[in-house]
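Any value given below was found using the heavy atoms of this structure, including those in side chains, with hydrogens, waters and symmetry copies removed. A note on names: the letters A, B, ... follow the listed sequences, proteins ahead of strands, and every chain is numbered from 1.
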There are 2 protein chains.
Amino acid sequence: MTAKDKPAKAAPLAPPLDQRKAFILATVVYEYVATAEPVGSQTLTQKYNLGVSSATIRNEMAELEAAGYLVQPHTSAGRIPSDAGYRTYVDRLMQPETLTNEEAKRIRDEFRAASRELDDVIEQTTRLVGELSHNVAFMIAPSRETQTFRHIQLIWLSERTGLAILVTSVGVAVQTHFEHGEQVTADDLTRLSNRLNVTFGGRTMRELGDVEVTAVLRDAGFGEDLARAVEGAFRAAARSPEPIVASSGAQHLLDQPEFQDLRKLQSVLRIIEEQKTLYDLVANSINDEGPNVKIGRELGSDEIMECSVVTVPYRFGDQTVGVLAIMGPRRMPYARLMALASGTAQSLNRHFADADHR
Amino acid sequence: MTAKDKPAKAAPLAPPLDQRKAFILATVVYEYVATAEPVGSQTLTQKYNLGVSSATIRNEMAELEAAGYLVQPHTSAGRIPSDAGYRTYVDRLMQPETLTNEEAKRIRDEFRAASRELDDVIEQTTRLVGELSHNVAFMIAPSRETQTFRHIQLIWLSERTGLAILVTSVGVAVQTHFEHGEQVTADDLTRLSNRLNVTFGGRTMRELGDVEVTAVLRDAGFGEDLARAVEGAFRAAARSPEPIVASSGAQHLLDQPEFQDLRKLQSVLRIIEEQKTLYDLVANSINDEGPNVKIGRELGSDEIMECSVVTVPYRFGDQTVGVLAIMGPRRMPYARLMALASGTAQSLNRHFADADHR
DNA sequence: TTTAGCAGTCATAAGATGGGAGTGCCAGGA
DNA sequence: TCCTGGCACTCCCATCTTATGACTGCTAAA
């Protein structure tokens, strides 16, 4: 039918959107995000000033559907945006938003009172964003592999054991217990620490995972046992077990009509708890310049194709080290969440920059 | 409330339970836990060998209801256990269970491969128990206040800043960044560390939060600035922000019929994310000898009166330091979960005992 | 004390019905 | 060529009704 009308144009999924179509698409997204109800032609003419009749809107909407921007849940329902519809909206149609003064103040206050320790900051930021966004917030913490080695301190704890504290470029201390020979003294450990600091300072943790620490130390006159223990400590510290991800706000999902279906809810909850999938989802975003959005199937996982994710990288000093993300239903207020993510990330960057005079 | 456990029994709700009534109550609990359906008199006579007719069971059940052990969701439904019914079942009627060989092996293997660092172990244990129990597992980590001070190491990081690493009796390292005066050298910090170790070794962290470190250090000839910074570090380390609680397995709640109601589910999810309530719930259990159960309203919170919690304390060395807990619907397999909690706690104790030759 | 039988209760599931929101299409008008 | 009013049609959804069946408590007899 209408399919025959347009086939040539409709094929590549990016037919030109004249101004009226663009406005209609944007309005449908806006209205659907606000109400969670499929949007009909009459609703549009009544609530928005379009200057044409509902019949005209119907025709336009039919074309927008044929072009892949809208879909109809069932024959006699209104339209809802498709992934492509949201995508076009986000990339080209929506009005960027900025944080309200209130929100900006809240974020500022929160960071002013925040701890200086990385783990705490991540935990707290996640909580803050979960709360403000009313969606699920999560963060990828700096991966150890990309950090550089800054300092190691071997601490004598008892006659048999010691603790290695390794400080990286982002100020994180990784602790590893180790055993040493019985004749080792606290002084030995201090000398050894100094030696290690001189030799390896500035290297990336990735390199240190492979380095032959044992040989180096043996040459410097330290016992074989101790050297091997220290090498173990290095290895353990370098190999980040998995990038830490905190998350907060899962409860908000229940407020969304799209998750009244318990199966959908459960698959999303599982993904959140697993963490690994979350990580894969947004790991790439660390290379982005600013905020980014992934919509529905773009996430590449059937289990969360009902969701969208807003990501924004954050920095420590001048190195980008992690990602802040907000996940929610596809029907999310993109402009607002992008503003929130960006704003928070900026505060976070500043917070870490302040800390970076370390 | 029932905090004192036993008086509730003595009061109005404890008519003598003859053997047959006891058996019926136990069977109702067993059947209801298995099927999630109210249990009727006919079901009982058909599936269990009671030797009497359903009419007799009906009479008995009516009396059990009058005595407060059973309740009827509505007139023409079967019976389900009340809090008191579950309580009696757990205290006096149920058959204790032991772990299956398979489960025991799984737990053993998991701990064999486990890290030696406290945080990791807690995370991993929570995950394991959440998975095996098909319920929500969570843990209270050792509170810093009760730990004793073991070692502090001040590390020189840059001309203005240093890192204080404080090791406690349970082997946890707390890190705090601090600023020091410009003329301070790494050697100064080492000397200062030694001084602090000698002076404060063995004290509890609680004491250290109040101790006048500044004065002590000034007397020993260290600069005012540095002394104050170190005092700040001490304070920060002593004041545990809140006892860490990891949790895992929230997704399993969705499988339970009692949480099909989204409001109930949401209040439980919120409690889990808040953590504070969870903490209050089980903090007392740290003084228990073995596994313990809190049922429904005994938890003291309306929001989770649909839930029960199994708790068991765990040790580090010879000190009890935390609690492992499993939360689920009141209709939970108590004997199994108690076995699982106990078994895991034992493995955990052993794991930490091994580590305690530190 | 137990049991069979019976009348009564009530949640639940399964049709039946009507309303309403929304569509596509067409023919006439600018 | 584009827009619009009108109309027939589709189909979801809320509401109501009805039937079913799993229970119960009670009574009277064994």
### Task
Name all residues meeting the salt bridge (charged side-chain N to carboxylate O under 4.0 Å, His left out) criterion together with Glu31(A); count only those two or more places apart in sequence or in a different chain, and write none if there are none.
Lys47(A)

### Query
How many Å lie between NE2 on His74(B) and C1' on dG8(C), as a whole number?
13 Å

### Message
From CD of Glu37(A) over to P of dG20(C), roughly how many Å is that when rounded to an integer?
### Response
16 Å

### Query
Ile57(A) CD1 to dT4(D) C1': how many Å, rounded?
12 Å

#### Entry: Test salt bridge (charged side-chain N to carboxylate O under 4.0 Å, His left out) applied to Asp280(B) - qualifying residues, sequence neighbours left out
Lys276(B)

### Query
Where along residues 25-36 of chain A does a heavy atom fall under 4.0 Å from DNA chain D?
none

### Task
Heavy atoms under 4.0 Å is the rule here; annotate nucleotides 19-30 of chain D 5' to 3' with B where the base is hit, S where only the sugar-phosphate is, and - elsewhere.
---BBBB-----

### Message
Quick check: on DNA chain C, is the nucleotide nearest Pro73(B) upstream (toward 5') of the one nearest Gly51(B), or the reverse? Name the residue that is more 5'.
### Response
Gly51(B)

### Task
Could I get the full list of side chain to side chain donor-acceptor pair (under 3.5 Å) partners for Thr98(B), not counting sequence neighbours?
none

### Summary
Hits for salt bridge (charged side-chain N to carboxylate O under 4.0 Å, His left out) against Asp288(B), two or more places apart or cross-chain, chain-then-number order -> none

### Task
Quick one: list whatever passes side chain to side chain donor-acceptor pair (under 3.5 Å) with Ser308(A), sequence neighbours left out.
Tyr334(A)

### Query
Just to confirm, is there a sub-4.0 Å distance from OP1 or OP2 of dT2(C) to any side-chain nitrogen or oxygen of Ser53(B)?
no

## Note on the structure
CZ (Arg58(A)) and OG (Ser53(A)) are apart, to the nearest 0.5 Å, by 7.0 Å

#### Entry: Whole-Å gap separating P (dT1(C)) and CG (Asp18(B))
10 Å

## Note on the structure
By side chain to side chain donor-acceptor pair (under 3.5 Å), Asp255(A) pairs with (sequence neighbours left out) Gln266(B)

### Task
Return the set of residues passing side chain to side chain donor-acceptor pair (under 3.5 Å) with Gln72(A) (not counting sequence neighbours), or none when no residue passes.
none

